[in-house]
Amino acid sequence: MESQEKVRHLVRAALDKKALDPVIFQTEALTDLADYVVILSGSSDRHVKSVADAIDEALRKAGEKPLGMEGANEGRWVLIDAGDVVVHVFHKPVREYYDLERLWLDAPRYIPDLPEFTATAVDRAPEAGYRR
């Protein structure tokens, strides 16, 4: 599965579990780590686990499996490494504390349109010299 298709597939699975505040960063020009980084939230530890499990299941149904999955037992911050897509599922207060979005200020940022998911460009943060 191509990176763009994979990120859409994984975000759809997360949104089906009512994931909150999804943001997609296109990072391929900035790092060799991944083509996309996805950050989203859950409202509780149980919700975070449910979203992470849905993403894991979606990967497996597509014939792939995560290269790694960290934090699933605690449900505060689950990191899913799907190769060319890295997904962070945070409990909302943990996401606010770590503020990973600030690490990707130079990356194109997309927020999925709901309910029909198609990524729509969002202007970069003003701190990076761009208007909102």
Hey, does the side chain of [X] reach the backbone of [Y] with a donor-acceptor pair shorter than 3.5 angstrom?
X      : Y     : answer
His47  : Gly75 : no
Ser3   : Asp84 : no
Arg102 : Tyr98 : yes

*Please report the C-alpha distance between Arg95 and Glu101 in whole Å, then the side-chain angles of each, then the deciding distance to 0.1 Å, and finally whether the salt bridge (charged side-chain N to carboxylate O under 4.0 Å, His left out) criterion is met.*
CA-CA 9 Å; Arg95 179 178 179 174; Glu101 284 92 336; 2.5 Å; yes
*asked:* If you compare all heavy atoms of Ala13 against all heavy atoms of Ala58, which two are closest, and at what distance to 0.1 Å?
replied: CB-CB, 3.6 Å
*asked:* So which atom in Ala19 and which in Leu40 form the shortest heavy-atom distance, rounded to 0.1 Å?
replied: CB-CD2, 4.2 Å
*In sequence, state the C-alpha distance, the side-chain angles, and the governing distance for Val86 and Leu79, and then conclude on side-chain contact (heavy atoms from CB on, under 4.5 Å).*
CA-CA 7 Å; Val86 172; Leu79 169 66; 3.4 Å; yes
Tell me whether [X] at atom [atom1] has more than 12 heavy atoms from other residues, nucleotides or ligands lying less than 6.0 Å away.
X     : atom1 : answer
Glu96 : CD    : yes
Lys49 : NZ    : yes
Asp99 : CG    : yes
Arg46 : CZ    : no
Gln4  : CD    : no

Going hydrophobic residue to hydrophobic residue with side-chain gaps under 4.5 angstrom, can you get from [X] over to [Y]?
X     : Y      : result
Val85 : Leu67  : no
Leu15 : Met1   : no
Tyr97 : Leu103 : yes

Do [X] and [Y] come within less than 4.5 Å of each other through their side chains, counting heavy atoms only?
X      : Y     : answer
Arg76  : Asp45 : yes
Tyr110 : Gln26 : yes
Pro66  : Asp81 : no
Val7   : Val38 : yes

*Indicate whether any N or O donor in one side chain lies under 3.5 Å from an N or O acceptor in the other, for His88 and Trp77.*
yes
*asked:* I'd like to know whether Lys92 forms a side-chain contact (heavy atoms from CB on, under 4.5 Å) with Asp21, so could you lay out the CA-CA distance, the side-chain angles of the two residues, the decisive distance to 0.1 Å, and finally the verdict.
replied: CA-CA 9 Å; Lys92 201 163 179 71; Asp21 305 319; 2.3 Å; yes
How long is the straight-line distance from [atom2] of [Y] back to [atom1] of [X], given to the nearest 0.5 Å?
X     : Y      : atom1 : atom2 : result
His9  : Glu2   : NE2   : CD    : 14.5 Å
Glu57 : Leu10  : CD    : CG    : 12.0 Å
Ser50 : Lys18  : OG    : NZ    : 11.0 Å
Ser41 : His91  : OG    : NE2   : 9.0 Å
Thr27 : Asp106 : OG1   : CG    : 12.0 Å

_From CA spacing to verdict: side-chain contact (heavy atoms from CB on, under 4.5 Å), Met69, Ile80_ = CA-CA 5 Å; Met69 191 166 171; Ile80 303 166; 4.0 Å; yes
*Only one of Thr31, Ile24, Val23 clears side chain to side chain contact (heavy atoms under 4.5 Å, CB included) with Trp104; which?*
Thr31
*I would like to know whether Glu64 and Lys6 meet salt bridge (charged side-chain N to carboxylate O under 4.0 Å, His left out); could you show each step before the answer?*
CA-CA 10 Å; Glu64 297 190 29; Lys6 185 186 292 185; 2.8 Å; yes
_side-chain contact (heavy atoms from CB on, under 4.5 Å) for Phe90 and Val78? Distances and angles first, verdict last._
CA-CA 6 Å; Phe90 283 101; Val78 180; over 6 Å; no
*Between Asp56 and Arg60, is a salt bridge (charged side-chain N to carboxylate O under 4.0 Å, His left out) present by the stated rule, with each step listed?*
CA-CA 6 Å; Asp56 180 46; Arg60 292 176 190 278; 3.0 Å; yes
